[in-house]
Amino acid sequence: QAQPHFACCQRKSRHWVFLENAFTTTSEMAVHRRCLLLGVAGCAALAAVSQNMPTDAEAALAADDECLAAKPGEAQEQCSQNLLQRRGLMEKAEAAKLEVEGKAGQPWWSPAGWGAPTSWIKPWLPPASAPAPIGSAPDGGAGHPPAPITGGAPAPAPSSSRKCSSLADSENAQCKEVIDWVVQSGKYDPKAPEWFAEMKNISGVDYLSASKEDFQRLYYCSPPGGKACGGTPCTCTKPPCFTCYGGAPARKKRPGCEDPESTSIACKPPAKPMDYKGMTWPTMTFTGAQQMHIFCIGDWGGMDGKLNPIEGRPPIIAYDWGAQAGPSVFPRTRWNRYHTVELCNHKDFVQCYSTRGTDCPASCGFVAGVDDQPQQLVAKAMQERAKINEPQYLLNVGDNFYWGGIEKTCGTPMDEISFTAHHQFDQVFESVYTGPGLAGKPWLSVLGNHDWGGRCFNNGWDQQIAYTWASDRWIMPAPYYMVRMEYPTKMFSADIFMIDSNVHDAKSPGMDSEHNICGEAHNPVGADCSAAQGPPSVEDCPSYFQTLWAEQKVWLEDKLRQSTATWQIVVTHFPCGEDGENQAWYRKLRQQFGLDLLVTGHRHDQELWLGTDITRNFMGGLTCIITGGGGGISSEATPNPDDTKDWYGEGEYGFYDITIDKYSLNIDSINYDGKVLKSARVYPYAR
């Protein structure tokens, strides 16, 4: 869209080329500014990027769809993953971005940076909406203030031992210019209330009253638009300035941890994430004559589209309305039951979500009102069920946050919670699973493959462990641990064993990069989580998970052998039967050690495997459930109950309610609408 004397850019072959004219009049500058608002300013950066990037990657960035950069033969399912993880492209574009930003010492979106008269900027007056980021919608899309979506220096977790810095220091070069603009006039922009919504929580003051140092604090903790500061301010309105919680309410203390001197593992975080491996969480005791219930859920944590990511990461948004408050579902392709026919590819499915089903191929099986809010529907069904069958605790099988877990790099100290983790937990967990019967109930949790990072190992998986000591209900003291449950009134007990089975997605670096925590294609160069006792490198990653799995197997067999409880239950992420030994190890746990129930997820549906189901269950009569239909990701097949030909189990979205007593486990599979789909009764295995 351009006047005859001015062109924003034009398409040449597979490249966007910026046509740079002399900006000598205010009217020409206004036309250029409209181009920026239309999101076409990306052609300037792309012209520079083309000197340093392969053609396919450049075209992908130009089209805002990394699917174009997929290698031949890669599945369409990867597109949605690529869309959310442009990190590799952004790293390659960094040099080009610096060149674009460097014009006249101004950021690329600044009018002065494109030769406009400085008088065009009117200090202290509410300006029109600022230019949008590359690839965003005309109104800024996700509601972020002007800043290009590019990589930058990581913003480390706040630490009381961290040295503060002036905004003029080099580590804050990325955020200085945007903060100067914000303080001068940007905070009067009509979209400012949306951009700076987190200011009160982080700094303790309203954005209109905030000082420049308060904005530095904001851009360190939760940078709108992604231009993060690398250091915390030395002064601010409400110190201490190194924290990200100047106005956030204090977290609730876990019951029993009121004494600050307590050394219980429930009250005192470890120095490192793996320090509590294999330890026993303090015994939980439940008294009374009422029925005792356990809820089971997995693969439930949707995308936090309101998050302002740090470390130059893109927003976690996959479709038009994904910037809403609360979780939005991650779109996954759908196949037929035997995975031989793709029913709905990435672009079709994103179109289904973007239009909420009004423009969607029938083969996608998209059910409006269900597929676009499954996590909320399952949570509501849990709330209603809890009113009549109040659970004493919940078993969570992992994949707690899509796409890649906590969106920051591993290594935050265990006694700290980054604002990123705080925000994701608040939006996707704390604000969803509420109400009588659910609030305050313990969530015994494990990591899923997406919690480790999905296609990488260096995301903030350690923050999910650390959140154990920032919550009154989240429990994940280590990747594997156990908890003893005592029911003295009813005279029985249960040992719950939580284990990490993500070795099954930790393959050789060159293999299956789209489903490989250790893949070389998506782990950044030099990825290293050794400081957090995680994998030290891509090369060592497979052996790290193999060692973790091997030590857990020895630990679990020993603990089962010692168990005197009435019930023995194992909880893990990977689904029924996937033990790496064609079910032989789980069969051993059943037949030699008396395992009573296996609770799993990973496959995005609800499947109750009876011990008598000999067509697929070869685990020696062990009952197993797959509860991967928590709604954080779209289900394996359509949730339409009149079209079940591609279903693996009894439902697509839902959870399980287990009634436990001394003599039996009664398992009910609960659909997202609250209906009971299937039931089974399990008796203690003769030991």
Side-chain angles (χ1 to χ4, degrees), residues 33 36-37 41 101 105-114 116 118-133 136-149 152 155 164-169 172-239 241 243-248 305-310 315 323 325 419 423:
R33 194 162 184 274
L36 295 176
L37 288 169
E101 285 190 328
Q106 299 293 329
W108 70 270
W109 48 265
S110 166
W114 294 102
T118 55
S119 60
W120 189 79
I121 306 174
K122 300 184 182 298
W124 308 109
L125 294 177
S129 295
S136 66
D139 65 351
H144 297 291
I149 302 177
C164 63
S165 62
S166 164
L167 188 60
D169 289 353
N172 295 316
Q174 183 176 228
C175 67
K176 182 182 184 303
E177 289 170 320
V178 69
I179 290 178
D180 286 341
W181 173 80
V182 166
V183 172
Q184 185 182 44
S185 57
K187 63 182 179 181
Y188 301 108
D189 191 280
K191 294 183 78 69
E194 181 180 0
W195 293 342
F196 309 128
E198 298 294 350
M199 175 63 87
K200 186 79 172 179
N201 283 335
I202 291 172
S203 71
V205 296
D206 182 82
Y207 71 90
L208 288 172
S209 305
S211 66
K212 181 176 288 190
E213 289 76 16
D214 293 329
F215 275 101
Q216 180 182 344
R217 189 176 182 180
L218 172 69
Y219 274 78
Y220 175 80
C221 299
S222 178
K227 301 284 278 189
C229 291
T232 56
C234 296
T235 62
C236 60
T237 303
K238 290 196 174 183
C241 307
T243 75
C244 293
Y245 307 105
K306 280 292 185 182
L307 178 71
N308 294 321
I310 59 175
F419 192 81
H423 197 279

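All values reported here derive from a predicted model rather than from experimental measurement.
Contact detail for A210 and F215: the closest heavy-atom pair is CB-CE1, 3.7 Å. Scanning both residues, P315 and P309, for their nearest heavy atoms gives CA-CG, 3.8 Å. Among all heavy-atom pairs drawn from K187 and A192, the shortest one is O-CB, 3.3 Å. For the pair P223 and C221, the tightest heavy-atom approach, listed with the atom from each and the gap, is CD-C, 4.0 Å.
Taking CG of D206 as the reference point, atom CG of D214 lies at 10.5 Å (rounded to 0.5 Å). In this structure, the separation between OH on Y219 and CG on N308 is 8.5 Å, given to the nearest 0.5 Å. The SG atom of C244 sits 6.5 Å away from atom OH of Y220, with the distance rounded to the nearest 0.5 Å. How far CD of Q174 is from CD1 of I179: 10.5 Å, rounded to the nearest 0.5 Å. Between S222 atom OG and L307 atom CG the span is 6.0 Å, to the nearest 0.5 Å. For the atom pair OG (S166) and CD (Q216), the distance works out to 7.0 Å, reported to the nearest 0.5 Å.
Contact of the P233 side chain with the L167 side chain is not registered, since no non-hydrogen atoms from C-beta on lie closer than 4.5 Å. Using a 4.5 Å heavy-atom threshold, the side chains of V182 and W195 count as separate. Between P224 and L218 there is a side-chain heavy-atom pair separated by less than 4.5 Å.
Evaluation of the side chain to side chain contact (heavy atoms under 4.5 Å, CB included) rule for A325 yields K306, Q427 as partners, not counting sequence neighbours. Checked against side chain to side chain contact (heavy atoms under 4.5 Å, CB included), K200 has no partners two or more places apart in sequence or in another chain. The salt bridge (Lys or Arg N to Asp or Glu O under 4.0 Å) check on D180 picks up K176, K212, with sequence neighbours excluded.
Taken together, the cysteine pair C234 and C241 keeps its SG atoms at least 2.5 Å away from each other.
Ring planes of F419 and Y245: tilted class, angle from 30 to 60°.
Counting only distance, with no hydrogens or angles, the side chain of R217 and the backbone of T235 share no donor-acceptor pair below 3.5 Å. N172 contributes a side-chain N or O that, together with a main-chain N or O of G231, makes up a donor-acceptor pair within less than 3.5 Å.
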